[in-house]
Amino acid sequence: MTDAYAQWQARSRAAVWHPCTQMKHHERTPPVPIARAEGAWLYDHRGRRYLDAISSWWVNLFGHANPRINAAVAGQLDGFAHVMLAGFTHAPVIELSERLAALAPAGLSHAFYASDGASATEIALKMSFHYWQQRGARDKSRYARLAGGYHGETVGALGVTDVSLFRAAYAPLLRDAPVLPSPARREPADTRSAERAIDDALEALAAYLERDGATTAALIVEPLVQGAGGMAMYDARYLAGARALTRRHDVHLIADEIMTGFGRTGTMFACEQAGATPDFLCLSKGITGGYLPLSCVLATDAVFDAFYDDDVARGFLHSHSYTGNALACRAALAVLDIFHDDDVIAVNRDKASRWRNIASPLAAHPRVRNLRQCGMIVAFDAQTDRPGFAPWFAARALESELLLRPIGNTVYFMPPYVVTDAEFALLVERTLAILDECSA
Ligand SMILES: Cc1ncc(COP(=O)(O)O)c(C=O)c1O
């Protein structure tokens with residue numbers, strides 16, 4: 001007799017095609033049916049719990065079932081859930097746009113919405129190309145990307161991503177975008193200093209722009225942390241340099257802060273640490289605190305003005321049915337209220353330094369290399385030849401009540417900000433115990 005838990009697993013495997021998953025692997029490790037979640041914890045249908053140490057794919061900020069976000073969404077439900085945004089508007093989308101413009105680096109005052117991160121990438125790419133067309137720079141049709149960069153998995157976004165696992169199968173569909181050296185040093189193969197890696201990346205960018213700037217619409221980067229490429233971190237000096245160089249060569253800078261935005265790197269947006277205003281700022285994930293799909297591209301006045309015309313064809317004729325969804329905007333406004341009312345960025349600054357101390361025993365473990373931290377993200381590389389390290393580690397983590405999903409040999413912690421010091425200590429302690437078992 002199978003229990004409800006096993007039945008949910010069987011039904012999910014039969015009917016749901018899970019993302020980023022080889023479905024056959026669910027024969028051995030079926031998906032975990034979640035019944036409820038609260039704070040930093042998920043609870044399955046057998047009553048087991050899991051610490052959501054990766055914020056459910058980097059989206060959750062203030063915990064699951066957060067009463068303040070719940071109330072905001074419920075309140076909006078009494079009015080309306082959604083109305084099309086072409087020809088109509090509403091308070092939640094207006095207020096959110098105003099508040100995002102006020103929080104973002106100065107000059108990004110026009111918000112265009114979609115639902116997922118990859119859609120925001122698509123919008124920024126299209127807007128950039130179209131801008132140059134409208135301005136008469138007709139040769140500008142290429143995008144430069146960074147080695148190890150990740151910007152989503154729709155065809156356009158994959159075209160500027162550099163993670164071969166996701167690209168290889170679709171290579172013939174993708175436009176060829178030049179790959180520039182990353183400013184992030186990848187140990188152990190890379191023995192340069194962090195400073196040298198940045199100098200090299202800036203020199204390569206300068207040479208590229210000198211040669212190909214006239215045919216390049218934009219450079220797209222993940223500011224400070226290349227997430228899906230392995231939590232590779234680099235200093236803000238690269239961003240400041242890249243901004244100056246792209247400006248000098250009339251090339252847009254697209255800052256993909258889909259993962260880094262909303263405090264993950266210690267400031268509201270990672271770009272702030274470089275004092276750089278990109279031409280496009282892509283946001284998603286934490287924007288609704290992990291509640292509802294929402295993404296946004298903030299663009300400058302200069303970009304907006306290039307589309308402002310009597311001719312409909314000169315407008316940005318891009319849309320998604322759920323653009324500016326009112327429930328999602330309400331959730332996002334509640335998130336911004338929490339940031340403001342609880343002084344989250346300042347509180348997190350102390351929390352990040354406590355996390356540094358709590359995580360420090362990891363550095364002494366013989367399997368741990370390159371322990372690193374950027375704000376609320378802690379990562380290290382496991383030195384092991386064990387085949388299938390990532391799925392093995394993830395399965396052992398689940399048995400230890402932890403939701404962790406290493407990227408290759410990189411183990412990272414990116415929990416919701418509400419995680420307590422005791423919970424963070426438990427995360428470190430149990431990670432150490434799993435590493436002890438890693439014999440290969
Ligand atoms: C930097 C970055 N850009 C884009 C995306 C794509 O976002 P989504 O999965 O919502 O399409 C991600 C997702 O991990 C991301 O980390």
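Counting convention: from 1, in listed order, for ligands and their atoms alike.
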Worksheet item: Does at least one non-hydrogen atom of Trp57 fall below 4.0 angstrom from an atom of ligand 1?
Response: no

Worksheet item: Hey, is Lys285 one of the residues with a heavy atom under 4.0 angstrom from ligand 1?
Response: yes

Fill in: Glu272 side chain vs Phe269 backbone, donor-acceptor pair below 3.5 Å
yes

Worksheet item: What part of Glu222, side chain, backbone, both or neither, has a heavy atom within less than 4.0 angstrom of ligand 1?
Response: side chain

Discussion item. Tell me if the aromatic rings of Phe62 and Tyr291 count as close, with their centers under 6.0 Å from one another.
Written reply: no

Practice prompt. Salt-bridge test for Glu203 and Arg196: reply yes if a basic N is under 4.0 Å from a carboxylate O, no otherwise.
Written response: yes

Worksheet entry | Contact atoms of ligand 1, heavy-atom distance to Met259 under 4.0 Å | 16 (O)

Worksheet entry | Close-contact set for ligand 1 against Asp256 heavy atoms, below 4.0 Å | 1 (C), 2 (C), 3 (N), 4 (C)

Worksheet item: Do the side chain of Asp279 and the main chain of Leu253 share a donor and acceptor less than 3.5 angstrom apart?
Response: yes

Item to complete: Would you please indicate yes or no on a ring centroid separation below 6.0 angstrom for Tyr150 and Phe166?
Response: yes

Practice prompt. Run the numbers for me: atoms of ligand 1, each under 4.0 Å from some heavy atom of Ala118, listed by number.
Written response: 6 (C), 7 (O), 8 (P), 11 (O)

Item to complete: Looking only at distances, please establish whether an N/O atom of ligand 1 is found under 3.5 Å from an N/O atom of Gly117.
Response: yes

Worksheet item: What about His320 and Tyr322, are their ring centers closer than 6.0 Å?
Response: no

Worksheet item: In terms of residue, atom name and distance, what is the protein heavy atom nearest to atom 15 (C) of ligand 1?
Response: Tyr150 CD2, 3.7 Å

Worksheet item: Considering only protein heavy atoms, which is closest to atom 16 (O) of ligand 1, and at what distance to one decimal place?
Response: Trp58 CZ3, 3.3 Å

Worksheet item: Is it true that Asp235 and Arg237 have a side-chain N and a carboxylate O under 4.0 angstrom from each other?
Response: no

